[in-house]
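Given the structure is predicted, the values throughout are model-derived calculations rather than measurements. Quick note on labels: first sequence line is chain A, next is B, and so on, each numbered from 1.
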Amino acid sequence: MAWLVARGRPTTTAGLLVVAVVITSLVTSSPRDDVAVSLAFAVAIVGVSTLTVRGLRDAHPVFARAALTVVVLDAALFATYFFSSITNFNLAIGAAMSITLLGLSFLTGASGQISLGNSAFMGVGALSVAIWANHHSSTPMAVTLLIAVACGTLVGLLLGLPATRLRGPYLAGMTLAFAVAFTAIVNSFTSWTGGDAGLQLPTAVTPPHWLSSFFNAQTSLLTVNTMWLADITIVVTGVAFFFMANLFASRTGRAMRLVRDNEVAAELVGVSLPRARVIAFMVSSAYAALGGGLWTLINNSVQPPTFSLALSITILSLVVIGGIGTISGALIGGVIYAYSNNVISWFTQHTGINQQGNLASQLPGIIFGGLLILTMLFAPMGIAGAVRRLWARRRVQTGA
Amino acid sequence: MIAVDELSVSYGAVHALRDVSLRAETGLITAVLGANGAGKTTLLRTISGLKAPASGTITFNEHSLVRERPENIARLGVGHVPEGRGVISEFTVEENLRLGAMMAKVNLSDGLEEQYQRFPVLGERRKQHAAKLSGGERQMLAMARALIARPTLLLLDEPSLGLAPQVTSQLMHTIQDLCASKNLTVILVEQNASTALRIADHAVILYLGRVVANDAAATIVADEDLRQHYLGKVE
Amino acid sequence: MDAFLTSRIISDILGGLTNGVIYGLVALSLVLVWRSTGILNFAQGAMPMIATYLGMVVFAHRLGYWPLVVISIVAGFGVGGVTERVLVRHLYGKPEINPIVVMVGFLIVLEGVAAAIWSTTPRGIPNPFSPIDWQLGGKPLALSPFSVYEIVTALVVMTGVAVLFRFTRLGLQLRASALAPEVSRLLGVRVSRMLTLGWVLSTGVGTICTVLVASNFFTGLTPQVMDGIFAFGFIAAAVGGLDSPVGAIVAGVSIGIVLQFVGDFVNSNAIIITALIILIVSLMVRPNGLFTKSTARRV
């Protein structure tokens with residue numbers, strides 16, 4: 001296998017990967033799950049050996065990224081089979097959040113713009129899915145999600161246009177006002193948005209037959225459903241991250257980083273400043289809408305009050321703590337989001353703080369805020385950045 | 001009198017000044033000359049405390065200036081007119097002067113009057129925003145602002161920069177008069193050597209951060225080789 | 001005449017004025033901090049809130065209203081000074097996102113701590129001004145002793161700040177330290193002290209504003225008391241221009257009045273939407289605020 005790859009034939013390797021995936025999916029329609037398992041691993045091995053060939057990674061970065069994505073998705077999907085429904089649920093929520101985080105990470109890191117309005121974009125996506133599904137229940141879920149993304153992108157355009165001329169604090173202020181106004185806009189149209197109670201999806205998302213046949217008859221419907229939801233979310237997350245990774249590295253991504261770091265240089269090189277900024281805004285709103293839309297699918301409903309300024313601040317905090325402008329940072333942020341409540345309740349239980357008291361209820365906020373301050377002061381590049389620095393230092397020391 | 005001894009200053013890995021030693025005597029104008037990047041501005045900034053040296057000493061009237069804060073050094077009587085003049089465009093002429101008088105134990109209106117007499121143009125434009133002044137007028141404002149605090153040491157960084165020859169020569173006369181009448185110590189940094197040498201008593205030439213000449217101005221003017229090498233054409 | 005004064009239009013104007021001076025004060029404190037240290041203080045509502053709790057609640061049983069107000073303001077000075085020395089120092093010269101994120105984090109921490117110590121239950125602050133509107137010819141005039149107290153206090157503070165900045169030596173030094181810190185140091189100004197003073201003053205102004213809001217019978221004191229008001233105050237500051245104290249006040253009062261009309265003639269949801277539209281429109285016309293003198297203040 002490695003011999004074939006070392007020949008530098010990306011097409012051959014691609015072909016192999018495709019073949020492996022196809023075989024896996026065909027075979028998994030049989031109830032023999034251990035065969036599926038070994039085939040899943042086969043795909044993983046092919047992918048890993050692809051990546052170990054450095055020449056391939058440098059010469060065909062898109063392909064290498066695709067391979068990496070497939071491998072990671074593979075492993076994740078495999079794992080969901082064994083997770084409990086609670087874990088799968090948290091995983092799905094966290095993964096959807098990480099998509100939103102990735103959008104904001106891109107906006108701040110790659111184009112230097114601040115936005116406190118991403119909860120509103122999430123809300124746009126979430127509500128779009130719910131409203132559309134309620135009025136056109138026959139549309140396939142994938143299409144509904146795309147519609148949500150389109151809505152989010154449109155709103156991003158509307159907000160991004162005035163945003164191009166604004167400097168930091170004014171931009172922050174405008175996005176803050178938008179986040180607050182979104183709640184009011186939603187409240188004005190309660191007939192459409194269901195007010196505080198929100199909307200339900202008319203038909204729950206259910207897994208296809210071949211997946212259900214995987215499990216023995218005693219497995220609860222909830223477990224299977226949750227696993228299916230987690231799988232969908234993970235795949236969408238993988239695709240979203242894949243596109244983002246390519247965008248970061250592309251001409252557009254480089255142009256945006258130039259706009260962030262040195263406006264004058266960017267203009268000299270011919271980058272259209274307003275255009276780069278608006279595109280960045282639209283990308284981040286599209287991603288946020290996708291995350292929000294997924295939330296609606298996972299929860300099977302949407303509650304508009306969720307998408308408040310407080311959520312926007314949470315999103316910003318997670319991006320900062322995870323690492324601005326990094327892809328891994330968004331993933332870290334998603335994980336933190338999914339599990340922070342658990343960690344904090346564990347903490348309060350074990351330190352004897354009164355669970356019902358004022359302190360316990362405020363602790364998440366205090367810890368979050370404190371983390372935010374400490375991160376920004378001492379490790380502005382977040383966890384991802386700190387790890388990267390440690391890694392680089394080790395390399396220097398070992399002379400690698 | 002100010003004495004600089006073995007002063008070394010770096011910006012990261014770049015040595016801006018190496019073992020620079022010089023003296024500027026009271027009542028005299030000491031010119032500091034050299035090409036761009038020779039370290040002249042760094043020298044002034046280190047004296048006035050904006051930059052900390054790596055090693056060396058600076059003594060001004062028994063005070064050591066190294067490791068002192070700029071605001072404290074200013075209060076010792078050191079007036080620094082920085083590169084670019086540092087005139088606050090958003091303030092009026094008078095506000096700039098009031099700022100200069102802040103630390104002085106001088107009656108404000110007396111101080112203002114004195115500067116308006118010396119620089120009548122400023123008096124005419126006292127309520128105008130400094131942004132509207134011409135280059136020469138800004139230079140006058142910067143000097144008046146430094147002078148209103150009654151300094152005993154005056155550090156001038158390229159005052160003739162961007163000024164027409166006639167304005168420059170008026171400016172140099174003014175500096176000469178001031179130095180004599182107030183018995184100031186003046187360190188005059190100039191890239192235009194001929195302008196400075198015309199009024200200087202003493203001259204120091206810097207090259208790549210080191211002192212390559214330190215002598216009476218007349219001697220330096222007379223030394224053809226020196227001039228060719230480090231100062232270009234000097235009329 | 002009575003009918004005119006109690007008419008809907010006048011009532012809205014008066015009501016909007018009362019709100020507007022509060023927004024103007026918040027906007028003013030934001031401008032103070034921005035002009036003196038170049039930082040946008042997202043915790044501009046939360047810091048005075050803590051000071052108000054410290055002043056009004058901790059000693060509530062022992063002292064009357066006015067001594068408590070004084071203690072709060074002094075606490076406000078303290079909170080501002082300590083925050084600048086400990087936290088904000090490290091933010092000067094950093095990329096714009098850093099101070100915003102840190103101050104947002106600080107906001108969250110302060111509100112959390114206040115809620116943990118004093119709970120989120122609103123507290124009434126007894127004060128000598130009645131919140132009941134005066135009657136004119138049998139109909140309510142949209143002014144009460146309390147609203148007059150608010151308006152007068154706000155105007156006094158605004159005037160005081162204006163006088164301080166324009167006509168005093170201290171004001172000159174504060175402005176100079178912000179505009180040209182290096183040059184100011186060369187002229188003997190203790191710039192670092194001025195920066196601290198900028199925060200001390202702005203938190204002091206913010207505290208006066210918070211005390212007014214908290215003393216309002218219909219609002220009370222909670223950890224979140226300044227959240228909504230901060231948003232409107234911020235919008236006013238942005239519309240007026242972060243460098244313009246005059247702009248802050250004018251924008252604050254105008255927005256207060258406009259929004260009062262919107263709330264009355266449309267509905268309460270339209271209020272923040274209108275504010276957002278005002279913000280977007282004014283920033284498109286003049287990205288640095290309507291009253292800014294600066295021309296091309298590029299990065």
Side-chain angles (χ1 to χ4, degrees), chain A residues 108-109 112-114 116 159 161-174 176-189 260 263-264 309-310 313-314 316-317 319-320 324 357-378 380, chain C residues 30 34 39-40 42 87 90-91 94-120 223 227-228 230-232 234-235 237-239 242 267-281 283-284 287-289 297-299:
Chain A
T108 39
Q113 297 176 82
I114 306 162
L116 286 168
L159 213 63
L161 283 174
T164 58
R165 305 177 68 193
L166 301 181
R167 278 178 59 204
Y170 296 101
L171 180 60
M174 193 190 76
L176 179 143
F178 176 57
V180 177
F182 179 74
T183 322
I185 296 174
V186 160
N187 282 337
S188 309
F189 296 98
R260 171 195 67 182
E263 284 182 6
V264 178
L309 179 64
I313 293 180
T314 307
L316 182 64
S317 317
V319 168
V320 169
I324 294 180
N358 278 331
L359 183 57
S361 61
Q362 298 303 325
L363 210 50
I366 298 177
I367 292 180
F368 234 122
L371 259 181
L372 201 55
I373 297 175
L374 292 173
T375 309
M376 216 55 189
L377 286 180
F378 300 114
Chain C
L30 281 171
W34 175 258
I39 303 240
L40 178 64
F42 263 88
L87 196 59
H90 308 280
L91 299 172
K94 292 276 164 69
E96 275 173 338
I97 191 176
N98 291 40
I100 292 179
V101 170
V102 168
M103 295 321 287
V104 166
F106 194 44
L107 159 73
I108 299 172
V109 169
L110 286 177
E111 285 191 4
V113 166
I117 301 177
W118 294 293
S119 96
T120 54
D227 280 359
F230 172 79
F232 289 117
F234 183 92
I235 292 175
V239 167
L242 279 175
N267 66 48
S268 57
N269 280 321
I271 292 180
I272 179 65
I273 298 174
T274 314
L276 176 65
I277 293 174
I278 293 176
L279 181 65
I280 292 182
V281 169
L283 287 180
M284 292 205 78
N288 280 324
R297 264 253 240 151
R298 295 191 96 203
V299 177

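With a threshold of 4.5 angstrom between heavy atoms, L91(C) approaches chain A through side-chain atoms but not through N, CA, C or O. At a 4.5 Å heavy-atom cutoff, the contact between L40(C) and chain A is made by side-chain atoms alone. Heavy atoms closer than 4.5 Å to chain C are found nowhere in L374(A), neither backbone nor side chain. For F42(C), the part lying under 4.5 angstrom from a heavy atom of chain A is the side chain only. Of the atoms belonging to A275(C), not a single heavy atom falls under 4.5 Å from chain A. Interface remark: I114(A) contributes side-chain atoms only to the contact with chain C (heavy atom separation under 4.5 Å). Heavy-atom distances place the side chain of F234(C), and not its backbone, under 4.5 Å from chain A. Of the two parts of I235(C), only the side chain, counted from C-beta on, holds a non-hydrogen atom closer than 4.5 Å to a non-hydrogen atom of chain A.
Between chain C and the options I373(A), L316(A), L371(A), L372(A), heavy-atom pairs under 4.5 Å are most frequent for I373(A). Note: V101(C) leads V101(C), I271(C), T120(C) in heavy-atom pairs under 4.5 Å with chain A. The candidate from I117(C), I280(C), L242(C) with the greatest count of non-hydrogen atom pairs under 4.5 Å with chain A is L242(C).
In this structure, CG on D227(C) lies 8.0 Å from CG on L309(A), to the nearest 0.5 angstrom. Note that CG of L276(C) is 12.5 Å distant from CZ of F182(A), once rounded to the nearest 0.5 Å. Rounding to the nearest 0.5 Å gives a distance of 9.0 Å between CG of N187(A) and CD1 of I273(C). Rounding to the nearest 0.5 angstrom, the gap separating the CE atom in M376(A) from the CG atom in N98(C) is 3.5 Å.
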